[in-house]
Amino acid sequence: MTNEEQQSWAVRQLQEKQAEMGRLPLKSDFDVVTLSRIKAFLGPWPRALEKAELKEKKEAEKSKTSHKRKSRKRSGQNEI
């Protein structure tokens with residue numbers, strides 16, 4: 001199977017599970033082997049859901065995390 005075919009298979013698994021369950025699929029909805037393959041082909045669970053177009057990317061969340069780190073660093077909270 002090519003990389004494209006692997007990704008397509010993983011996306012189908014997620015989309016079919018969503019149709020079957022009527023909600024976003026959870027990792028626990030899949031057997032260990034299928035879950036491992038989905039994550040290997042599509043990346044971490046949130047990215048896999050994004051690639052399957054089941055979940056939108058949260059760009060704002062990235063900037064919040066970055067902002068929190070900068071704030072902590074400035075206030076000296078990172079020191080032990």
Side-chain angles (χ1 to χ4, degrees):
M1 236 193 293
T2 67
N3 189 38
E4 190 175 300
E5 290 171 330
Q6 291 172 335
Q7 288 183 357
S8 179
W9 174 86
V11 165
R12 270 195 320 277
Q13 297 303 304
L14 290 168
Q15 290 174 342
E16 288 173 5
K17 187 62 75 171
Q18 182 191 32
E20 175 188 327
M21 306 294 283
R23 60 170 168 75
L24 277 179
L26 303 173
K27 291 185 272 188
S28 60
D29 293 330
F30 296 92
D31 63 80
V32 176
V33 173
T34 303
L35 176 62
S36 295
R37 287 182 173 184
I38 289 170
K39 290 171 66 176
F41 300 156
L42 299 179
W45 196 250
R47 299 303 81 77
L49 295 175
E50 290 168 3
K51 289 176 183 174
E53 298 180 352
L54 301 179
K55 179 180 172 187
E56 287 187 32
K57 288 184 180 181
K58 290 190 176 179
E59 292 299 323
E61 199 166 288
K62 276 186 181 179
S63 63
K64 284 182 189 177
T65 303
S66 177
H67 177 69
K68 286 180 185 177
R69 285 186 191 135
K70 288 177 186 174
S71 294
R72 267 189 256 144
K73 198 171 190 175
R74 274 189 245 126
S75 67
Q77 291 179 1
N78 276 355
E79 296 176 18
I80 297 176

*So do Phe41 and Asn3 actually touch side chain to side chain, heavy atoms under 4.5 Å?*
no

*Would a 4.5 Å heavy-atom cut-off, applied to side chains only, mark Lys55 and Pro46 as touching?*
yes

Residues 13-20, side-chain donor-acceptor partners within the protein, below 3.5 Å, at least two apart:
unit_1: Gln15; atom_1: NE2; unit_2: Ala52; atom_2: O; d: 2.9
unit_1: Lys17; atom_1: NZ; unit_2: Asp29; atom_2: O; d: 3.3

*Checking Ser8 side chain against Glu4 main chain: does a donor-acceptor pair fall under 3.5 Å?*
no

Return the minimal non-hydrogen interatomic distance between [X] and [Y], and the atom names on each side.
X     : Y     : value
Lys51 : Leu42 : NZ-O, 3.0 Å
Asp31 : Val33 : OD1-N, 3.1 Å
Lys57 : Glu50 : CG-OE1, 3.3 Å
Gly43 : Ala48 : O-CB, 4.2 Å

*Same cluster or not: are Met21 and Leu35 linked, directly or through other Ile, Leu, Val, Met, Phe, Trp or Tyr residues, by side-chain heavy atoms under 4.5 angstrom apart?*
no

_Neighbour count above 12 (heavy atom, 6.0 Å) for Glu56 CD_ = no

*Roughly how far apart are Trp45 CH2 and Ile38 CD1, rounded to 0.5 Å?*
5.0 Å

